[in-house]
Protein chains: 2
Amino acid sequence: MDQEYSVKSLARAMKVLECFSVQQPELGVTEIAKKLGMQKSTICNILSTFQKCGYVVQNMQTNKYHLGTKILHLSYIVNHHLGLRDIFLPHLHKIAEATHEVCYFGILHNNEVLYIEAVYPSTNQQTRNILGERAPLYCTGLGKAMLAFMPQEKAEEIINGELKSFTNFTLCDPALLRSDLEEIRMTGYAVDNMEHEFGVRCVAVPVFGASGEVTAAVSVSGPSPRFDHTTMVKHAETIANALQPLQRCL
Amino acid sequence: MDQEYSVKSLARAMKVLECFSVQQPELGVTEIAKKLGMQKSTICNILSTFQKCGYVVQNMQTNKYHLGTKILHLSYIVNHHLGLRDIFLPHLHKIAEATHEVCYFGILHNNEVLYIEAVYPSTNQQTRNILGERAPLYCTGLGKAMLAFMPQEKAEEIINGELKSFTNFTLCDPALLRSDLEEIRMTGYAVDNMEHEFGVRCVAVPVFGASGEVTAAVSVSGPSPRFDHTTMVKHAETIANALQPLQRCL
DNA sequence: AATATTGTTCTTTAATACTGAACATCTATA
DNA sequence: TATAGATGTTCAGTATTAAAGAACAATATT
């Protein structure tokens with residue numbers, strides 16, 4: 001009997017929360033019910049519970065629901081516990097100023113890149129909020145930097161999995177990807193040559209934990225004309241140097 | 001029959017998530033069970049479900065649990081939907097640079113201040129992460145700025161509620177607090193005179209939504225010697241001017 | 001005005017979450 | 001080193017209750 005010691009109603013409820021996305025921040029009851037193949041009334045009850053707890057808010061005008069601010073408080077605790085953001089922030093600033101490019105910081109989570117922070121150089125004061133955004137491993141600088149140093153078994157799972165094409169430059173061929181990862185292991189840094197977004201190049205360096213496993217990565221990225229080979233090598237060195245004191249101590 | 005159309009097991013489970021705090025980011029099964037007066041096995045099942053969903057992670061060394069990064073993704077959606085952070089950030093930067101003080105941005109949530117962002121002036125590069133932190137309304141600049149313009153009924157609830165003393169300067173007397181709030185309504189800005197933290201003064205200005213209700217507040221704060229009366233009046237003006245374009249349009 | 005389509009309410013039943021005890025691990029203390 | 005007291009986990013039975021499905025109310029659309 002493969003009994004699962006899990007609270008099924010809770011798992012179902014969390015799926016409801018996960019229906020909300022940046023693209024669809026507001027959802028109706030039937031919309032969610034269809035999406036999950038569940039009954040309207042069930043969704044209604046779950047949402048009403050979440051609302052009472054503050055995790056979801058109903059828009060009085062449209063009757064649709066959206067995520068509540070209670071989640072922000074939880075995320076604060078996560079961030080604080082991880083502590084990573086606080087530890088990395090000064091170094092990210094240093095890198096952004098030295099390279100005059102946007103500096104990203106992401107961690108490995110569920111076989112995806114989870115962006116934790118973006119720091120803009122003072123010469124480029126954008127304010128795009130990417131906290132919490134996710135991206136695939138195989139076609140981003142941060143992702144490949146981590147993929148290259150992951151346990152081979154886990155890495156192969158991804159390499160042999162679906163490699164969706166985002167641009168003409170995306171490495172959708174496992175063999176090509178493998179040799180790229182090999183080069184990353186040799187040089188110590190990953191290059192994303194417009195593989196995820198056309199016109200955007202990126203250099204990323206992995207960060208290793210105390211026991212030697214990849215835990216995170218830091219990158220700078222920007223418009224491809226500014227990212228020629230020699231510049232990217234220089235940037236990689238800048239990042240690697242800035243991260244030196246953090247390597248193998250987290 | 002006052003039947004509650006809520007999923008009780010879900011409400012219970014969310015209470016488990018809420019046990020985690022900055023002070024106690026890691027909790028054991030029995031610890032949570034005691035805190036909530038629930039059975040160990042129940043907590044165990046809930047945690048195991050949350051773990052499968054990625055909302056909670058078990059520390060292999062200590063067997064204790066902590067919140068997972070999945071929450072970050074949800075918080076990203078919240079932030080993005082609120083959009084507030086993105087809208088306010090440039091103005092917060094402006095205020096921080098103009099006053100050379102830390103600039104805070106908070107919203108009203110569950111009768112508390114929920115801190116959304118802190119921006120440090122370039123002359124004071126701290127990196128304290130306060131995203132998601134909460135504080136009482138009656139003894140903080142941001143809080144009083146919002147409390148003063150809340151619906152009277154809701155405000156009185158708080159004024160007549162427990163007014164815990166944080167410092168010798170905390171206004172724990174409802175009458176004193178009321179007259180302070182009256183002054184805030186007159187001047188349009190709130191002053192926190194070391195009421196929450198000794199040695200820290202703060203000036204805050206409320207932000208109003210499209211329908212005229214208080215939705216948020218912005219403040220600058222710092223060591224009391226730097227915050228004399230004339231300086232604070234000047235800071236209040238600076239903030240009010242910077243926020244002008246955002247008033248009554250959100 | 002008529003007709004979908006939405007969110008909500010309600011009851012019944014089948015599912016399942018919680019209890020409570022037993023078990024397995026680990027960690028202080030004698 | 002042995003023992004007692006923690007801890008987290010497993011398990012089966014019962015009492016709870018979550019979900020289904022239909023009916024209702026309130027909008028939106030035609």
Side-chain angles (χ1 to χ4, degrees), chain A residues 1-21 23-68 77 81 211, chain B residues 1-21 23-68 77 81 211:
Chain A
M1 240 51 56
D2 188 19
Q3 185 170 354
E4 300 234 349
Y5 284 97
S6 56
V7 183
K8 296 188 184 173
S9 70
L10 176 56
R12 269 186 291 247
M14 296 319 280
K15 282 223 181 79
V16 171
L17 270 197
E18 289 165 25
C19 281
F20 297 94
S21 66
Q23 287 74 38
Q24 309 191 343
E26 274 212 340
L27 294 169
V29 173
T30 32
E31 217 166 341
I32 297 171
K34 265 183 202 159
K35 215 170 192 169
L36 298 178
M38 290 161 73
Q39 210 67 249
K40 272 197 304 175
S41 55
T42 304
I43 305 294
C44 203
N45 286 339
I46 290 172
L47 285 174
S48 121
T49 307
F50 272 135
Q51 178 153 44
K52 272 175 201 156
C53 303
Y55 291 94
V56 137
V57 179
Q58 186 170 28
N59 184 334
M60 257 85 95
Q61 260 91 54
T62 61
N63 273 339
K64 293 193 169 196
Y65 292 83
H66 60 86
L67 294 176
I77 299 166
H81 181 249
S211 40
Chain B
M1 242 54 56
D2 187 20
Q3 185 169 355
E4 301 233 349
Y5 284 97
S6 57
V7 183
K8 296 187 185 178
S9 70
L10 176 55
R12 271 187 290 249
M14 296 320 278
K15 283 225 182 79
V16 172
L17 271 198
E18 289 165 25
C19 282
F20 297 94
S21 67
Q23 287 75 36
Q24 308 191 344
E26 274 212 343
L27 294 169
V29 172
T30 32
E31 217 167 342
I32 297 171
K34 267 183 202 162
K35 215 170 190 168
L36 298 177
M38 290 161 73
Q39 209 69 250
K40 273 195 306 177
S41 55
T42 305
I43 305 293
C44 202
N45 285 339
I46 290 172
L47 285 174
S48 121
T49 306
F50 272 133
Q51 176 151 47
K52 271 175 202 155
C53 301
Y55 292 94
V56 138
V57 179
Q58 185 171 31
N59 184 331
M60 256 87 96
Q61 260 91 55
T62 62
N63 273 340
K64 293 192 170 200
Y65 292 84
H66 59 87
L67 294 177
I77 299 167
H81 181 251
S211 39

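Lettering follows sequence order; numbering is per chain, from 1.
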Specify the separation, in whole Å, of atom [atom1] of [X] and atom [atom2] of [N].
X       : N      : atom1 : atom2 : result
B:Leu10 : D:dA18 : CG    : C1'   : 11 Å
B:Ile43 : C:dA17 : CD1   : P     : 14 Å
A:Leu47 : C:dG7  : CG    : C1'   : 11 Å
A:Lys64 : C:dT8  : NZ    : P     : 13 Å
A:Lys15 : D:dA19 : NZ    : C1'   : 15 Å
A:Asn45 : C:dT8  : CG    : P     : 10 Å
A:Lys8  : C:dC18 : NZ    : C1'   : 15 Å
A:Lys52 : C:dT8  : NZ    : C1'   : 13 Å

So, is [X] near the phosphate of [N], with a side-chain N or O under 4.0 Å from OP1 or OP2?
X       : N      : result
B:Tyr65 : D:dT7  : no
A:Arg12 : D:dA19 : yes
B:Thr42 : C:dA17 : no

Suppose we call a contact any N or O donor and acceptor under 3.5 Å apart; does that hold for the side chain of B:Ser41 and the base of C:dG20?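 In this structure, the two groups form a donor-acceptor pair.
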Establish whether the base of D:dG8 is bridged to the side chain of B:Lys40 by a donor-acceptor pair shorter than 3.5 Å.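 Answer yes: a donor N or O sits under 3.5 Å from an acceptor.
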Closest heavy-atom contact between B:Lys40 and B:Val29?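 The answer is O-CG1, 3.5 Å.
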Before giving the answer on side-chain contact (heavy atoms from CB on, under 4.5 Å), spell out for A:Phe20 and A:Val56 the whole-Å C-alpha distance, their side-chain angles and the decisive distance to 0.1 Å. CA-CA 10 Å; A:Phe20 297 94; A:Val56 137; 4.3 Å; yes
With rounding to the nearest 0.5 angstrom, report the [atom1] to [atom2] distance, [X] to [Y].
X       : Y       : atom1 : atom2 : answer
A:Lys15 : A:Met38 : NZ    : CE    : 8.5 Å
A:Glu18 : A:Ile32 : CD    : CD1   : 12.0 Å
B:Arg12 : A:Leu10 : CZ    : CG    : 11.0 Å
B:Cys44 : B:Tyr65 : SG    : OH    : 5.0 Å

Of the nucleotides D:dG8, C:dT8, C:dA17, which has the atom closest to the B:Gln58 side chain?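 Nearest to the side-chain atoms of B:Gln58, counting from C-beta on, is D:dG8.
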Where the side chain of A:Asn63 is defined as all heavy atoms beyond and including C-beta, which of D:dT9, C:dA17, C:dG7 is the nearest nucleotide?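 So the nucleotide nearest the side chain must be C:dG7.
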With nearest nucleotide decided by heavy atoms, which residue, A:Ser9 or A:Thr62, maps closer to the 5′ end of DNA chain C?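 With A:Ser9 and A:Thr62 compared, the 5'-side residue is A:Thr62.
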Would you find a donor on one side and an acceptor on the other, under 3.5 Å apart, between the side chain of A:Glu26 and the backbone of A:His66?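 Flag not set: sc A:Glu26 to bb A:His66 has no pair under 3.5 Å.
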Listed in order of residue number, which residues of residues 24-39 of chain A have a non-hydrogen atom at under 4.0 Å from DNA chain D?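 Going residue by residue through residues 24-39 of chain A, the ones with a heavy atom under 4.0 Å of DNA chain D turn out to be A:Gln39.
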